[in-house]
Amino acid sequence: MKIFNTKTQVVQWTTDAKYNGKQVGFVPTMGALHQGHLALVKRALRENDMVICSIFVNPLQFNNPTDLEKYPRDLDKDLQLLDSLNCDAVFCPEEKEMYPQLPDIVYDFGQIDNVMEGKFRPGHFNGVAIVVNELFNIVQANRAYFGQKDYQQLQIIRQLVAQQNIDIEIISCPIIRESDGLAMSSRNVRLTPEQRMQAPKIYHVLKQAREQYKQKPIGEIKLWVESQINSCELMQLEYFEIADARTLQPAGNPPPPKVIACIAVKFGQLRLIDNLFFN
Ligand code: AMP
């Protein structure tokens, strides 16, 4: 597996690959890889001739400095995992290489950015869009793979691609969960054993809310979810929304064709997100 630290090396690699008629798949990550990330890489390997993964903890998308500082990092293990899958290349730049000077681009994603993660993490999606746009420019892949775990991010990236006319196919991949239902996340390693025991409740509450959606008004379901999460000593609900899966605006009457429930839960300083389609 090729390991690149500079943009020039990646541009050279991808230019050669495309010159030789190869289809290139791209999996952007922030490292601390788990089976959720690896599922994206495996799918990319099945659907492309060559696959490159990036590992870069993007400071621009962290609205909370403690979260950035405590974000798990284990490059050696990540490289071993990617190598074991026969991933072709990995791009792991230093911050100075990625941003010789800090970009001050401001995107406008309209209403999708005003709710949930966009509302509770101001500037987060602007930072995501800056790094993803830059990575897309460097890698020039045919396809890029993203997880539905970050569903709002996926919708933002689709909008970025449309706004900027980027020639790339965005492939969305299902959420990979632990056997007890907890959505895999790099941040899960920061849970204490007690928090880890409570955390699967997030997914179980989502599934029960989906059952209730068939009969109960949304307002009632939201109150029920809030009481369920907040009754667990170590968890605090940040938001729970039942939304139109296309616009991410609150679902109303008549219900949108595709409905998704999204949740963010805080365990002290740490926060986890999850989501579930309701139909
Ligand atoms: P991250 O390293 O957290 O920025 O995630 C990199 C990519 O992996 C994003 O597209 C995420 O949505 C995806 N991802 C993270 N966790 C999961 C999961 N549990 N299942 C599927 N995809 C995931």
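Both counts, for ligands and for their atoms, begin at 1 and track the order of listing.
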Which residue and heavy atom of the protein sit nearest [atom], plus the separation:
atom: atom 4 (O) of ligand 1; answer: Met30 CG, 3.6 Å
atom: atom 22 (N) of ligand 1; answer: Gly147 CA, 3.5 Å
atom: atom 1 (P) of ligand 1; answer: His37 NE2, 3.6 Å
atom: atom 11 (C) of ligand 1; answer: Asp150 OD2, 3.1 Å
atom: atom 16 (N) of ligand 1; answer: His34 CE1, 3.2 Å

Next on the checklist: When you measure from the heavy atoms of Pro28 to every atom of ligand 1, does any distance fall below 4.0 Å?
Outcome noted: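 Within the 4.0 Å threshold, so yes.
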Next on the checklist: List ligand 1 atoms under 4.0 Å from Ile175, heavy atoms only on the residue side.
Outcome noted: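 Taking each heavy atom of Ile175 in turn, ligand 1 has 20 (N), 21 (C) under 4.0 Å.
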Next on the checklist: Closer than 4.0 Å to some heavy atom of Pro174 - which atoms of ligand 1 meet that?
Outcome noted: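 What qualifies from ligand 1 is 20 (N), 21 (C).
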Next on the checklist: Quick check: Tyr213 with Phe278 (ring centres under 6.0 Å apart)?
Outcome noted: yes
Checklist entry - Do you know the tightest heavy-atom contact between Lys18 and Gln140? => result NZ-O, 2.8 Å
Checklist entry - Ion pair present between Asp113 and Lys119, side-chain N to carboxylate O less than 4.0 angstrom? => result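 Salt bridge between Asp113 and Lys119, a charged N being under 4.0 Å from a carboxylate O: no.
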Checklist entry - Does a side-chain N-to-carboxylate-O contact under 4.0 Å join Asp274 and Arg177? => result yes
Item to check | Within-4.5 Å side-chain heavy-atom neighbours: Pro256 and Val259 | outcome: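 Yes; the side chains approach each other to less than 4.5 Å.
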Item to check | From Glu233 atom CD to Gln195 atom CD, the distance as rounded to the nearest 0.5 Å | outcome: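 The CD atom of Glu233 sits 10.5 Å away from the CD atom of Gln195.
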